[in-house]
Each structure stands twice: as structure tokens, then as C-alpha cells.
A.B. asks: 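Right, I'll just put the structure down here and ask away after.
Sequence lines set the chain letters: A, B, ... in the order given, protein chains first and strands last, and positions in each chain run from 1.
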Number of protein chains: 2
Amino acid sequence: MPSDAPVPSRVRASDELRQAALEQFATVGFAASSLQQIADHAGYSKSSVLYHYASKEALLEAAIGPSIDLLESLLGDFVAGGRSAAAQAVFIERFVDFLLGNRLAVHTFVNQGQSLRGLPVIERANTAIRGLADSICADDASLAEQMRFGVALAGATYTLVAGATFLDGDQQFADDDVRDALISVLSELLLTADGRPTR
Amino acid sequence: MPSDAPVPSRVRASDELRQAALEQFATVGFAASSLQQIADHAGYSKSSVLYHYASKEALLEAAIGPSIDLLESLLGDFVAGGRSAAAQAVFIERFVDFLLGNRLAVHTFVNQGQSLRGLPVIERANTAIRGLADSICADDASLAEQMRFGVALAGATYTLVAGATFLDGDQQFADDDVRDALISVLSELLLTADGRPTR
DNA sequence: GCAGGAGCTGACCGATCGGTCAATTACCGT
DNA sequence: ACGGTAATTGACCGATCGGTCAGCTCCTGC
């Protein structure tokens, strides 16, 4: 028997459908993605989609839920680990890696986190994002500092996530280079290190 | 005659409908906004919407087109004015003012610029955004510098635009303060001034 | 060889979509 | 008082939406 995977062997239909759904949700939006389109894109029928996933909303949960789990654990580690400059540097690195490894899912719940309010999985994502902002930005920070954090996180997220939108054609940058550049810019903006420059 | 406006006096129905549509497009998305919802929100019937605007797409054009015009002229001025540090500082200020004055429209075409590809008005917005990135970022810039520009522009845009998403409840910051803080952060990131620090 | 379950599908459902149209109302200059 | 135009609306259209259901094929354990 050539199969080396214990249970499913071959690619599982539910995985193909989940991936196709994720691509649709990220590129045309949840509301504008029909089950028919997702099914066509994956090579199945609409009924098959609803066989593997109870509803369109359950499909969204399956598509972006795991990425939200990762974000939550990332956030939990950071909160538990203190706010030393070293800890912040580690966090920035892990955060960039998270962005690079979950572009489609992040694109989905960042760009549509407002319009899809009410869906449980989206509420979970919004809560995590808010926790991220709160934890990395001290409560007593000045507006300018809060703005610095906001610009850094939102800018990094959006640059990676929407980069595909405006420069998809000639995007031949290696992920490693993008990673290094992004970590550099974020460190510059976020690291409090040894006292903030007066400016 | 108490009317002081030459032609319409009172609020015009088409303006109310356009504003209601803009709010819907920005908050729940173009695809998820039905003409019925927009009409209800403005206090008219769906037929009235289609009387004042030929189609849903024409309504989008009316809602965000003027803001795109502003962005285009802003970009044109900057391209024509050179890239001196002073010119860049002026541009940053005007750009932040543009963001503050066109939040809903910017939210709409930034967040949905990818999913709504194909609509002429959206193509115009995407072209303007691309031109913005190209013009402010020299062609020979390193990846790290390009990333700095991307993070700054995207971060500023998204911070203002999606601020409502995650901290709408307690958003009592005065626009003037936000403006100053944002200009400060953007200047810090973008101004090439007298030679870039080695870093 | 065959019962039975998993995987998959087409037909169908009520609701809603964007859009058309004819009819009605309100308001204007003459 | 009246004709005409702008504004507004409900009824209606075909298409598509998310979702249900019965039935089909295929594989597997016995």
C-alpha cells in the first residue's frame, strides 16, 4: 500500500475547499464570496461544500480560526513574558513571522473585521487585535506614542497583506528579505530600549 | 424668501442618499450593502435611490469619486513640486489632512480596492494609490526603505481609517491632536532630510 | 456477495439581490 | 385653474443567494 498517511491519504476534499474558501474570502471578501464560486474554484459542487462545512460561517471559522489561535498564543506569550527590550524584539520577530505565514487569513480578518461584526470567529479576531494593541502600548502612553504603535502594527500588517493588491505583478522579493526589512522598520518604531529619544 | 441657496435650498435627497451610501459602503462593505438598506438608512425607498443614481455602481462613484479627485490632485502637486525635505513635509501635512477629511471614502477604497477590482472608480483609486507609493519612494530605494514608506503610508491610513473599528467606543481624541501626532510619526519615518542614517 | 456508511451531487426552496416600469404625488410658471 | 416636469413609490422581473434533501456512486468490513 503506497499510502504513507495513516488515515486520509491523498489530499482531503475538506482541505481543498477550506483553502479555496480562504483565497476567496481574502481576495473578494466574505460577503461577495458565494458558496458556488468557492465550490467551482475548488472543483466541487456547492452541495459538497455544505456537506463538509455546516454553513458559510463555519467555513470562515475553519479558514481563519487556526490563524487566530496562533495570534492569541503569540499575544499570550508576550503578555506573560514582560516588556523588556529583549522581549519586545522577540515579539516583533514572531509577529512578523506570523504575518508572513498567515497572510490570507490575516488579510481576511483585518480588512473585514469591522464589516463582519457579529460572527463569533470575527469577534474573537477583533478581541485579539485589540488585546495586541493594548498590551504593546502602555496605558499611560501619549497620543503620539499610541499613534506610533498603531502605525507600526497596522502598517506592517497592511503592507504585507495588501502588498498583493498594488504590486502583485512584480512581487519577486524573497520572503526572507521582506522579513528582515520589516523587522528592521518595526524595531525602529517600537523598541523603547533605553529611554525614548526626546525629540 | 428665507432660502439663501440659489437653487436647491433645504437638504437635497441625492446628498442624503449619497452620504447614507458612503456610510454603508465604509462600514459593511460595498458587496454587503444592499440598495434597500441604503434607502432605509436614508429614509427613502429603493426606487428613489435608483432614480437619483443610475446604478449601485454609480452610487459608489458619487460617494468616493470626489475624494479620489482630491487624492489625485494632491499627488499631482507633489510630483510637480519636487522632493525636497520641505516639499515632503508639506506633502505629509496635506496627506494627513486628506485622510482626516475623507475617512469614510478612504476606508472604502483602501479596504476594498482589491475586492472591487473592475469597477472604473476603484481602478482610478488603485492607480492613484500606486502612483502615491511610486512617487514618494525612489525607484532605486532599498527594500528596507520601500518598506519604511509602505509602513508609514499604510499605517497612517489604516490607523485613522480602522481606528473606528477597534477603539470607536472611547475615541475622544480631538482631530487636531491626532493630526499633530500623526504628522510627527510620519515625518520621523519618511523625511529623508540630510542623508539617511546608516542604521 | 452484500449491507452500509461516507462522499458527492442535482433539484429544489424561500429570501433577497440589482434593476425596470407605470402610476401617483407635489410643485412650478403661466 | 391648468399643463408639465421633477420626485417618489410599489409592483414586478430574472438572477442569485445560503441552505435542505433525496438519491447516486463507490469503497470497505464482514
Side-chain angles (χ1 to χ4, degrees), chain A residues 1-3 5-22 24-25 27-64 108 112 115-116 118-122, chain B residues 1-3 5-22 24-25 27-64 108 112 115-116 118-122:
Chain A
M1 190 181 296
S3 169
V7 177
S9 77
R10 233 78 65 82
V11 286
R12 301 205 309 160
S14 60
D15 292 337
E16 292 185 281
L17 289 169
R18 180 174 42 75
Q19 180 63 23
L22 179 56
Q24 288 285 306
F25 292 158
T27 54
V28 309
F30 179 77
S33 298
S34 71
L35 295 179
Q36 188 68 64
Q37 287 173 18
I38 295 169
D40 292 348
H41 196 270
Y44 292 87
S45 72
K46 188 180 72 168
S47 297
S48 279
V49 179
L50 289 162
Y51 169 78
H52 288 283
Y53 300 94
S55 66
K56 190 183 179 184
E57 183 179 330
L59 186 50
L60 177 68
E61 152 73 39
I64 69 174
T108 301
Q112 305 175 57
S115 59
L116 299 183
L119 306 187
V121 65
I122 293 292
Chain B
M1 189 182 295
S3 168
V7 177
S9 77
R10 232 77 64 80
V11 286
R12 300 206 309 161
S14 61
D15 292 337
E16 292 184 282
L17 289 168
R18 182 174 40 75
Q19 180 62 24
L22 179 56
Q24 287 286 306
F25 292 158
T27 54
V28 309
F30 179 77
S33 298
S34 71
L35 296 179
Q36 188 67 63
Q37 288 173 18
I38 295 169
D40 291 348
H41 195 269
Y44 291 86
S45 72
K46 189 180 71 168
S47 296
S48 279
V49 179
L50 288 162
Y51 169 77
H52 288 283
Y53 300 95
S55 66
K56 190 183 179 184
E57 183 179 330
L59 186 49
L60 177 68
E61 153 74 38
I64 69 173
T108 301
Q112 306 175 57
S115 58
L116 299 183
L119 306 188
V121 64
I122 293 294

A.B. asks: Check side-chain contact (heavy atoms from CB on, under 4.5 Å) between L119(A) and all other residues, then give those that pass, not counting sequence neighbours.
C.D. replies: F30(A), E57(A), L60(A), L116(A), I122(A)

A.B. asks: Could you give the start and end, 5' to 3', of the contact zone on DNA chain D for chain A, using atoms under 4.0 Å from its heavy atoms?
C.D. replies: dC17(D) to dT20(D)

A.B. asks: What residues, two or more places apart in sequence or in another chain, satisfy side-chain contact (heavy atoms from CB on, under 4.5 Å) together with S45(B)?
C.D. replies: S47(B), S48(B)

A.B. asks: Among residues 13-21 of chain B, which ones have heavy-atom contacts with DNA chain D below 4.0 Å?
C.D. replies: A13(B)

A.B. asks: In chain order, what residues pass the side chain to side chain donor-acceptor pair (under 3.5 Å) check against Q37(A), with sequence neighbours excluded?
C.D. replies: none

A.B. asks: Do any N or O atoms from the side chain of K56(A) and from the backbone of S33(A) form a donor-acceptor pair under 3.5 angstrom?
C.D. replies: yes

A.B. asks: Return the residues of residues 31-40 of chain A meeting this criterion: a heavy atom under 4.0 Å from some atom of DNA chain D. Order them by number, or give none.
C.D. replies: S33(A), S34(A), L35(A)

A.B. asks: Is it the case that atom NE2 in H41(A) sees more than 12 heavy atoms from other parts of the structure closer than 6.0 Å?
C.D. replies: no

A.B. asks: So which atom in A54(B) and which in L50(B) form the shortest heavy-atom distance, rounded to 0.1 Å?
C.D. replies: O-CD2, 3.9 Å

A.B. asks: Checking Q36(A) now: which residues fulfil side chain to side chain donor-acceptor pair (under 3.5 Å) with it, not counting sequence neighbours?
C.D. replies: D40(A)

A.B. asks: As an exercise, state the distance from CG of L17(A) to CG of L22(A), rounded to the nearest 0.5 Å.
C.D. replies: 12.5 Å

A.B. asks: Does anything in residues 43-55 of chain A come within less than 4.0 Å of DNA chain C? Heavy atoms only, and list the residues if so.
C.D. replies: Y44(A), S45(A), S47(A), S48(A), Y51(A), H52(A)

A.B. asks: Which pair of heavy atoms, one from K46(A) and one from L35(A), lies closest together, and at what distance?
C.D. replies: CG-CB, 3.7 Å

A.B. asks: Please report the shortest heavy-atom distance between I38(B) and A20(B), naming the atom on each side.
C.D. replies: O-CB, 4.1 Å

A.B. asks: Which atom pair, heavy atoms only, marks the closest approach of S14(A) to H52(A)?
C.D. replies: CB-ND1, 3.8 Å

A.B. asks: Just to verify, what does S115(A) make a side-chain contact (heavy atoms from CB on, under 4.5 Å) with, not counting sequence neighbours?
C.D. replies: Q112(A)

A.B. asks: Specify the angle, to 10°, made by the local axes at the two ends of the helix from dG1(C)-dC30(D) to dC27(C)-dG4(D) when five pairs are taken at each end.
C.D. replies: 10°

A.B. asks: For Y53(B), check side chain to side chain donor-acceptor pair (under 3.5 Å) against everything at least two apart and list the hits.
C.D. replies: none

A.B. asks: Who pairs with E16(A) by side chain to side chain donor-acceptor pair (under 3.5 Å), at least two apart in sequence or on another chain?
C.D. replies: Y44(A)

A.B. asks: Working to the nearest 0.5 Å, report the span between CD1 of I64(A) and CZ of R18(A).
C.D. replies: 12.5 Å

